[in-house]
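Not measured: the values here are computed from a predicted model.
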Amino acid sequence: MSNSHRNTFLSPDKNRRQLRCQLAKQLESGLVVDSIIRSRTGPCDGNRIPRILLIVPYYTRISRPLDIILDNIETKNSDITFREQSCSIVKSLKGVGITHLEEMKRAGIPMGLLRIGTSAKKTGYDVKIIDAVYEGWGDEKGYFTSTEGSSILLYGLSPEALKDKIKLFNPDVVAITCSYTHQWGNACEVADLVKQINSDVPVIMGGVHSNGLPSETLLTAPVDFVILGQADKTFPELLDVLTGRRSCQISEINGIAYRANGEVVHTKKRSFLSDITDIAVPDLSLVDLKLYSGRYHSAGERQLDHGFLVYGFSSFGCNTRCSFCTIPTVQGGWVSMKDQVFEQYLCYLKSQGVTEFMLEDDHLLHDPMWAISVFEKLKKFDLPWMEEGGVSLYNLIALLPEVSEEIIHSSANNESVFRNTISARRKGLTADKFIKAMADSQCYSIYLAVETANSESLDTSNKPKLNAFEAHTKKIVQLFKKYNIKTTCGLMLGFINPDENYFETQRHIENSINYGKMLMQAGATYINTFVFTPLPGAPHFSELRKYTINNTDEGFSHEFGSLDAPDGSWCRDTMSLARIAAIISTVGINGYEQIAKTGTWPISRD
């Protein structure tokens, strides 16, 4: 592997601490070293239970000086209107003493690790989860200054503290999650820490980033295996081989990638789960619920001051296949729990002292009638809840009686997207009845996936165009307000589709910002604006890479831009500023300052 080839990979900032373990240095020199296929312990260790360590790396966030942002825009932007507006935004921010744009701190219960940890524990392993983000949540410090002049702040356990914890547990196998490309540098460093302690310990990487870029992961990071797709069955099977419990070739395990004989090997693809009964109930003893049950969660303020908050799901997967989304490639199509299993799950949560539930389904409204049954069970177990996975606006609009089936079908490239919704409305379900059922079940807040005001952006992303129907969207927001459910409307700026030579212009950006203002007037609680971000594994990712920054510490956060417009009319810093302008236009400067202070969305119980 030549260094010129390596330069095309997504990489952490060059000013980061250098990886020190032997494997990292070998990979850096271009050697493709075989993955470790046996842990240092095996069947010869008798009755000792192998120790499996699962790690959420410490996180970093960007603090980018406004002066550098403005200089970059003035150098790169060809559109004078964008340049003038950027200058105006910077002037307003400086006028109230803001000199940097800062990314929020974001984290929650590591649901992926909890799933695979539960699977591994059920099969007889000694499992420990270290959530380095939350175990050191209140600790933050400057980590380094990036090559582009941003301050990179580290929050969570320090590398030194994490290294001590790894040594103390003395694991036989380590698995590290890297769901966010923005945190890739931290995941690499944690793998390096493990290999520094003991180079013979197999290291497994999972999550959206490594799933989307398995070869890059194995050629640049000191890890031995990448798990592809769902890991619930793959992980314990891989552990069995690595610890000597099962005598088969590593190549016989479906759904993994590893290094062998100078190349990256991908085994046969593993089918997605069609029944999630076996993985539905996580073992909460693997996490410290107190860490995640403070006054504020990742989407605002808790409803209650007592008991534990749990992040969970009633289904996962999605069939819509938006071009910017990785869910279908990682989790597959929509699959729900069986009724009795979901009830058992909620009963277990109550027995563990859980009083509040955060629903993280990938697509809650895939089947509205199933969703109604979920609401009924949450009501039965007296669990106030909020939804953060993203309620699909287009399904709610399709439940409005005034919207014809002809319009519904014509709004989507794939008519099957609305099959269950059409069936539900024919049974008499309306948007009003649906939202009332949410309120009756003690839903207090939702994240409404509006996405954009521009029908072209929706269409080019393979998303139903109903979201851009202003009158209908306004009606949905008004219904949530009618039933006292706080609504965060999510918007994205800067859509690009290179296949169709499409990218948003100044007009498109203004449309979405004005859309957000209208929705606030209609009763939305908050307009949460993000920047359109390429995600490894998403359908459009390979084409978007030519317009994407390769520095994972500077981009891929959804709060800072990662892309430059193909025609040079705007750059990634333009979108970062446009996002802040959109937030300020709806919640004001004081509201923006409050978001920066609390580190979460301005969604309160009052």
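At least one side-chain heavy atom of Ile36 sits less than 4.5 Å from a side-chain heavy atom of Lys195. For the pair Lys377 and Asp339, the minimum side-chain heavy-atom distance is below 4.5 Å. Residues Phe235 and Leu54 form a side-chain contact, since some pair of their non-hydrogen atoms from C-beta on lies under 4.5 Å apart. For the pair Tyr311/Leu114, no side-chain contact is recorded, criterion being any heavy-atom separation below 4.5 Å from C-beta on. You'll find the side chain of Trp184 stays beyond 4.5 Å of the side chain of Leu213, heavy atoms only. Residues Gln303 and Met386 fail the side-chain proximity criterion, which asks for heavy atoms closer than 4.5 Å. Annotation: side chain of Val133 is not in contact with side chain of Lys105 (no heavy-atom distance under 4.5 Å). The shortest side-chain heavy-atom distance between Leu154 and Pro159 falls under the 4.5 Å cut-off.
In terms of modelled atom types and a separation under 3.5 Å, the side chain of Gln230 and the main chain of Gln331 share a donor-acceptor contact. Without hydrogens or angle criteria, Glu451 side chain to Leu458 main chain gives no donor-acceptor distance under 3.5 Å. Without hydrogens or angle criteria, Glu387 side chain to Gly389 main chain gives a donor-acceptor distance under 3.5 Å. With hydrogens and angles ignored, the 3.5 Å screen pairs a side-chain donor or acceptor of Tyr348 with a backbone N or O of Leu284.
For NZ of Lys268, the number of neighbouring non-hydrogen atoms (other residues, nucleotides, ligands) closer than 6.0 Å is 12 at most. Shown here is Gln249, whose CD atom has no more than 12 heavy atoms of other residues, nucleotides or ligands within 6.0 Å.
Distance check: Ser557 OG to Phe530 CZ gives 9.5 Å after rounding to the nearest 0.5 Å. Rounding to the nearest 0.5 Å gives a distance of 9.5 Å between CG of Leu304 and CG of Leu383. Interatomic distance, CG of Leu286 versus CD1 of Ile129, reported as 5.0 Å (0.5 Å rounding).
Pairing each heavy atom of Pro534 with each of Thr548, the nearest pair is CG-OG1, 3.6 Å. The nearest pair of heavy atoms linking Ser35 to Asp224 is OG-O, 2.6 Å.
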- Task: Would you please test Tyr58 and Glu189 for side-chain hydrogen bond (donor to acceptor under 3.5 Å, both in side chains) and show each step?
- Result: CA-CA 10 Å; Tyr58 44 81; Glu189 288 184 0; 2.6 Å; yes
- Would you check, one step at a time, whether the test side-chain hydrogen bond (donor to acceptor under 3.5 Å, both in side chains) holds for Asn497 with Glu543? CA-CA 8 Å; Asn497 182 353; Glu543 287 300 315; over 6 Å; no
- Please test Trp334 against His363 for ring-ring contact (aromatic ring centres under 6.0 Å, His included), starting from the C-alpha separation and ending with a verdict. CA-CA 7 Å; Trp334 185 85; His363 189 12; 8.1 Å; no
- Task: Take Thr488 and Asn528, measure what side-chain hydrogen bond (donor to acceptor under 3.5 Å, both in side chains) needs, and give me the verdict at the end.
- Result: CA-CA 6 Å; Thr488 295; Asn528 204 4; over 6 Å; no
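No side-chain N or O of Asn462 forms a donor-acceptor pair with one of Ser323 less than 3.5 Å apart. Judged by distance alone, the side chains of Asp232 and Ser119 never bring a donor and an acceptor atom under 3.5 Å apart. Ser285 and Lys121 form a side-chain donor-acceptor contact under 3.5 Å, judged by distance and modelled atom types alone.
For the side chain to side chain contact (heavy atoms under 4.5 Å, CB included) with Ile176, the qualifying choice from Ser210, Pro57, Cys188 is Pro57, the only one to do so. When the options Leu365, Val450, Leu359 are evaluated for a side chain to side chain contact (heavy atoms under 4.5 Å, CB included) with Val391, the one that passes is Leu365. Partner of Asp172 under the salt bridge (charged side-chain N to carboxylate O under 4.0 Å, His left out) criterion, out of Arg245, Arg48, Lys128: Arg48 alone.
Below 30°, between 30° and 60°, or above 60°: for Tyr444 and His297 the angle between ring planes is between 30° and 60°, a tilted geometry. In this structure, Trp137 and Tyr134 have parallel ring planes: the angle between them is below the 30° cut-off, well short of the 60° mark. Aromatic ring pairs are classed by plane angle as parallel below 30°, tilted from 30° to 60° and perpendicular above 60°; the pair Phe324 and Phe532 is perpendicular.
Salt bridge Arg106/Glu559: absent, no basic N to carboxylate O contact under 4.0 Å. Between Glu237 and Arg270 there is a salt bridge, since a side-chain N of the basic residue sits under 4.0 Å from a carboxylate O of the acidic one. Ion pairing of Glu360 with Arg115 is absent here, as no side-chain N (NZ or NE/NH1/NH2) approaches a carboxylate O to less than 4.0 Å. In this structure, Asp283 does not pair ionically with Lys122, as no charged nitrogen and carboxylate oxygen lie closer than 4.0 Å.
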